[in-house]
Amino acid sequence: MFSSFSAPSACGRGAARLAAVTLVSGLAVTAATVMAVPAAAGTGTVQSGGGAAATISGLKTYGAAVVHADEGDLEISAGLFEMSVEGGGTLQTYCVDIHNPTQRDAKYHETAWSGTSLGANDDSGRIRWILQHSYPQVNDLAALARQAGIRGGLSEQDAAAGTQVAIWRYSDGVDVEAVDPEAEKLADHLEHSARGVAEPEASLTLDPPVLSGRPGERLGPVTVRTNAGSVTVAPPAEAAAAGVRIVDKDGKDVTTAKDGSRLFIDVPEDTPDGSAELTVQASTTVPVGRAFASETRSQTQILAGSSESTVSAAVSASWAEKGAIPALSAQENCAEGGVDITAVNQGDEDFVFELMGAEHTIRAGETRTVTVPLQEDQAYDFTITGPGGYEKRFTGVLDCHTQAGEADEAGTSTQTLSEPSPATAGSTTADANLAATGGSDATPLIAGAAIGLVVLGGAALIVVRRKKP
């Protein structure tokens with residue numbers, strides 16, 4: 001639910017609504033790369049803690065709102081976005097980043113609050129409370145209207161607009177109100193009733209996300225964290241051909257697993273030095289309140305509803321007979337204003353690399369996190385190389401702030417671009433599987449694009465090459 005799209009990047013207005021795909025609950029482990037020689041690990045990787053990956057489809061159920069600012073009033077659209085999940089599934093989201101645009105067909109990934117502006121926002125728990133107690137999770141609009149003291153009832157558009165307005169007051173600290181009186185009453189009710197609740201767990205993660213060791217060892221353990229009821233584990237043909245297996249602590253091949261299961265990667269003793277990217281997949285509903293960040297600079301979203309959807313997580317594993325054996329992962333850290341690079345070295349020599357002009361040494365047997373400081377809106381592209389052809393790349397854009405003033409401090413400016421107003425346009429609601437209590441089956445298309453505030457960033461691209469030790 002975002003009120004704003006940039007004029008050149010408004011979401012497709014004629015796109016048909018994607019149906020939710022219901023999958024058999026399960027988890028599969030596969031190896032994307034298993035080498036017979038030292039291999040590059042994770043080239044082109046964008047960091048993510050695991051979960052759902054989706055493409056934004058557009059603003060689907062919305063009304064009008066007005067933002068009051070020193071420069072004057074701006075009427076914008078407020079309501080629910082819809083996303084299509086890679087591998088199957090549909091998500092509904094609201095915006096928690098009013099000053100940024102939504103890019104056309106932007107790619108998003110599920111992430112922890114710490115990787116977004118929600119991590120440093122004391123009111124993030126109140127936002128999740130609003131999501132749990134309003135539309136579409138509560139789709140009995142008559143009951144929702146009674147709770148808010150609304151006599152005239154609520155339409156789906158009013159419910160979505162009122163919910164988004166209440167969220168913006170906590171996520172962005174803006175002076176905003178809904179145009180429709182019923183939607184405004186709902187926004188006031190939600191704002192004043194909200195209480196802090198905890199951040200939801202990820203739909204699927206693996207801990208730790210990287211492993212290293214020697215051939216002849218069991219690399220791990222890797223702990224599965226998921227809200228899927230049961231999972232299946234299936235090693236791929238490539239790994240089987242190389243003799244690499246997924247096993248339990250007793251060395252037995254794993255065929256089923258569940259939340260809390262501990263997995264190991266068994267690498268035969270005669271396996272050549274190399275690496276593998278293990279991808280874990282499952283089918284489940286993503287918890288309400290999970291954050292979704294874009295791989296480009298497209299406004300941050302927060303989950304309001306989920307169908308049964310495909311989720312995934314990855315483990316990067318590397319092994320070598322001797323020397324340094326590095327494995328690296330990365331995660332944006334908005335509290336520290338940068339990107340955390342976590343390095344593991346289970347070899348018998350130090351792993352040395354350069355990062356932002358500074359040299360870092362990871363001792364043999366050590367795991368350490370290095371924070372790379374970045375400016376808001378700054379694009380980054382880090383490539384870290386190691387012995388035996390090891391290479392890991394992390395790319396993205398640091399997007400941690402929501403306030404216009406904070407964006408300006410980062411060297412950006414706010415500009416308004418307008419399109420035909422969607423304030424009077426009708427819209428649709430979610431599939432019945434998206435909200436816990438169901439939803440409408442109506443599927444009209446978007447009749448217009450939203451008006452928006454666009455943050456124009458002059459972010460610098462950082463490219464860093466690491467030297468081999």
Side-chain angles (χ1 to χ4, degrees), residues 1-6 56 59 62-81 93-103 106 108 111 113-131 134 160-179 183-184 186-188 190-192 194 196 199 289-294 297-304 334-335 337 376-377 397-410 412-417 450-457:
M1 37 319 346
F2 173 40
S3 69
S4 58
F5 285 86
S6 62
I56 198 160
L59 199 59
Y62 56 88
V66 175
V67 177
H68 304 292
D70 294 340
E71 298 79 10
D73 293 347
L74 176 67
E75 184 172 310
I76 59 179
S77 295
L80 276 168
F81 276 118
T93 59
Y94 285 108
C95 164
V96 289
D97 195 5
I98 194 173
H99 293 293
N100 287 330
T102 298
Q103 305 296 334
Y108 282 80
T111 187
W113 285 359
S114 61
T116 71
S117 60
L118 296 169
N121 186 340
D122 293 336
D123 291 322
S124 295
R126 296 178 185 270
I127 296 173
R128 190 186 180 204
W129 186 97
I130 291 172
L131 294 167
S134 191
T163 304
Q164 175 66 92
V165 166
I167 289 172
W168 275 332
R169 292 172 182 173
Y170 283 122
S171 66
D172 294 79
V174 290
D175 182 4
V176 58
E177 62 181 0
V179 170
E184 175 61 15
L186 176 61
D188 289 342
L190 294 172
E191 178 188 8
H192 298 146
E199 177 181 0
R290 287 295 290 172
F292 278 79
S294 174
R297 185 158 174 76
S298 187
Q299 65 182 206
T300 305
Q301 306 280 315
I302 191 166
L303 189 75
C334 286
E376 177 68 5
D377 302 328
V397 178
L398 189 69
D399 182 10
C400 291
H401 298 306
T402 62
Q403 300 296 329
E406 293 172 336
D408 292 341
E409 291 174 4
T412 65
S413 60
T414 301
Q415 177 179 336
T416 300
L417 301 178
I451 311 171
L453 301 173
V454 180
V455 177
L456 303 176

For the residue pair [X] and [Y], establish whether any side-chain heavy-atom pair is separated by less than 4.5 Å.
| X | Y | value |
| --- | --- | --- |
| F292 | I56 | no |
| I76 | I98 | yes |
| D399 | E376 | yes |
| C95 | Q301 | yes |

*Please say whether more than 12 non-hydrogen atoms of neighbouring residues, nucleotides or ligands are located less than 6.0 Å from CG in D122.*
no

*Output all residues satisfying side chain to side chain donor-acceptor pair (under 3.5 Å) with D188, sequence neighbours left out; order by chain, then residue number.*
R169

Nearest heavy-atom neighbours spanning [X] and [Y]:
| X | Y | answer |
| --- | --- | --- |
| Y170 | A194 | CE1-CB, 4.1 Å |
| S298 | Y108 | OG-OH, 2.8 Å |
| V165 | V176 | CG1-O, 3.7 Å |
| A65 | A78 | CB-CB, 4.0 Å |
| A161 | A183 | CB-CB, 4.3 Å |

When rounded to the nearest 0.5 angstrom, what is the spacing between [atom1] in [X] and [atom2] in [Y]?
| X | Y | atom1 | atom2 | result |
| --- | --- | --- | --- | --- |
| L190 | R126 | CG | CZ | 13.0 Å |
| W113 | R128 | CH2 | CZ | 6.5 Å |
| T163 | L186 | OG1 | CG | 5.0 Å |

_Check: S171 side chain, I167 main-chain N or O, donor-acceptor pair, under 3.5 Å_ = yes

*asked:* Taking A166's backbone N and O only, do any of them form a donor-acceptor pair with E191's side chain (distance below 3.5 Å, no angle check)?
replied: no

*Start with the C-alpha distance between N121 and V96, add both sets of side-chain angles, then the distance that settles side chain to side chain contact (heavy atoms under 4.5 Å, CB included), and finish with yes or no.*
CA-CA 11 Å; N121 186 340; V96 289; over 6 Å; no

*What residues, two or more places apart in sequence or in another chain, satisfy salt bridge (charged side-chain N to carboxylate O under 4.0 Å, His left out) together with R290?*
E110, E199

*Could you please spell out the steps behind the side chain to side chain contact (heavy atoms under 4.5 Å, CB included) verdict for W168 and V67?*
CA-CA 10 Å; W168 275 332; V67 177; 5.7 Å; no

_Trace of the side chain to side chain contact (heavy atoms under 4.5 Å, CB included) decision for D97 with T116_ = CA-CA 10 Å; D97 195 5; T116 71; over 6 Å; no

